[in-house]
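Numbering of ligands and ligand atoms starts at 1, following listing order.
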Amino acid sequence: MSKLYFIVGSQDLYGEECLLKVRRDAEEMTAFLRERLKDIAELELLPTVETSELCIQDMRRAQMDDDCVGVVTWMHTFSPAKMWIKGLQELRKPLLHLHTQANRELPYDKIDMDFMNLNQSAHGDREYGFIVARMGIPHEVAAGYYQNESVVGQLRRFAEVAKAISYSRQLRVASFGNNMREVAVTDGDRVESQIRYGWECNYFALGDLVQRIDAVTEAEIDAKMAEYQSRYTMKTDRIESVREQARYEIGLESFLSEHRIGAFADTFQDLYGLRQLPGLAVQSLMGKGIGFGPEGDYKIAALGAVMMKLAEGRDGATGFIEDYTYDLTEGEELELASHMLEVPPAFAATKPEIDVLPLGIGGKEDPARLIFDGVTGEGIQLTMVDMGDHFRLICADIELVKQPKPMPLLPVARIMYRHKPNFAIGTAAWCYAGGAHHSIVSTALTRKDIAMFARLTGTELITIGDDTTEADLQRFFTKR
Ligand code: MN
């Protein structure tokens with residue numbers, strides 16, 4: 001079970017009695033929040049910070065505990081912030097500054113100097129806020145009475161995002177083949193990716209994967225085919241072509257699990273030794289939470305895996321997609337998003353059908369793939385680009401819609417969506433911001449989740465939605 005540590009600040013200036021009261025209030029608060037967070041993470045109270053030494057001890061404990069995904073801090077009394085510097089330097093995990101009080105209302109008739117000295121987060125939390133800001137530590141501030149639904153909701157989101165970041169920091173990303181020739185936006189700084197997000201992005205020889213795929217037995221393929229039969233509708237009688245994809249999935253699964261890889265990228269320009277472009281195989285793996293990026297797009301593979309982790313336990317679909325083509329009927333503009341083959345089955349509104357059809361690119365045999373119409377509802381579209389000196393996240397609110405008419409000749413899975421606030425502003429904003437044509441679409445995540453992820457990883461974020469105006473477009477473009 002993941003843990004969050006709760007660290008409460010005070011000092012030794014107020015005497016034993018005051019510190020006892022701080023402890024009791026902190027315990028009460030912990031009990032309340034612990035109950036409200038228990039399905040996501042366990043909240044544990046650490047010793048009150050009264051000195052720099054105690055702060056270092058608490059933060060070291062949080063940093064060293066592999067189960068701990070994040071830290072929540074709150075200043076019950078004033079707590080001089082130089083006491084926090086060395087402790088905070090020990091912490092490299094997500095941090096939430098809870099700006100709250102033990103009491104909801106002021107006891108107007110009883111309040112005296114003792115009460116005010118004991119309950120002074122308005123004072124202490126600003127002192128603490130300064131040092132966190134001064135030290136440039138990415139963090140989240142949750143302000144309000146701790147029992148308020150909005151505050152509890154923010155803490156719950158923090159627990160989920162912190163878990164996703166913890167996953168991110170252990171994520172290994174494999175590249176089979178390099179970035180697609182000449183393509184810009186899918187490339188990126190892998191060293192910076194590891195420094196900022198923890199992604200270990202490494203190259204693996206396709207030949208080693210092919211060797212693994214060639215070693216798959218017919219019995220293993222039979223078992224995988226039974227899995228496909230139970231999940232999907234077999235629309236083709238070209239069973240040998242489907243078995244070829246089953247072989248790829250088994251080989252990939254074995255290779256990824258041996259190297260503890262959670263996301264991978266391949267490219268149709270480097271399929272030496274494979275008869276088909278992996279389609280069904282990759283779709284099926286994405287359905288199991290494996291991140292995937294086509295054309296060597298390691299960033300979207302990793303981001304997809306992290307976002308699927310963040311969405312875990314929630315209703316809705318999350319996965320990779322590519323912007324493809326538009327219906328530009330004025331006032332009713334829609335986008336059709338899809339890919340050559342690799343659209344995650346999470347987006348399926350209907351039971352996916354397995355079919356074997358020509359691909360028209362890559363010069364390989366006809367690949368098996370899953371075909372379906374997409375889910376509908378409110379969602380987000382998220383991408384990450386490398387601006388040369390920093391990563392940028394771009395998150396647009398979208399509405400996923402049912403395709404207006406059948407597309408009987410389109411041999412791939414697809415989703416359709418409407419841009420916000422409208423086509424002209426929404427898509428122009430995406431272009432001004434340098435948004436990629438690969439993204440993660442989700443009906444499970446919201447802009448708030450992404451904003452918190454961006455804050456806690458120190459990533460620039462541009463959001464697009466109903467609150468975006470034409471005037472905003474100017475600021476989305478950064479002149480270098
Ligand atoms: Mn693509």
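- For E295, the N, O or S atom closest to the Mn ion (ligand 1) goes by the atom name OE1.
- One finds an angle of 100° at the Mn ion (ligand 1) between OE1 on E322 and NE2 on H339, to the nearest 10 degrees.
- Side-chain N/O atoms of Y228 and E249 include a donor and acceptor closer than 3.5 Å.
- At a cut-off of 2.8 Å, H438 is counted among the residues with an N, O or S atom near the Mn ion (ligand 1).
- Side-chain contact between N179 and Y298 is absent, with no heavy atoms from C-beta onward closer than 4.5 Å.
- Look at E312 and K309 and you find a salt bridge, because one of the NZ, NE, NH1 or NH2 atoms lies within 4.0 Å of a carboxylate O, short of that distance.
- For D187 (side chain) and A184 (main-chain N/O), no donor-acceptor pair under 3.5 Å exists by modelled atom type.
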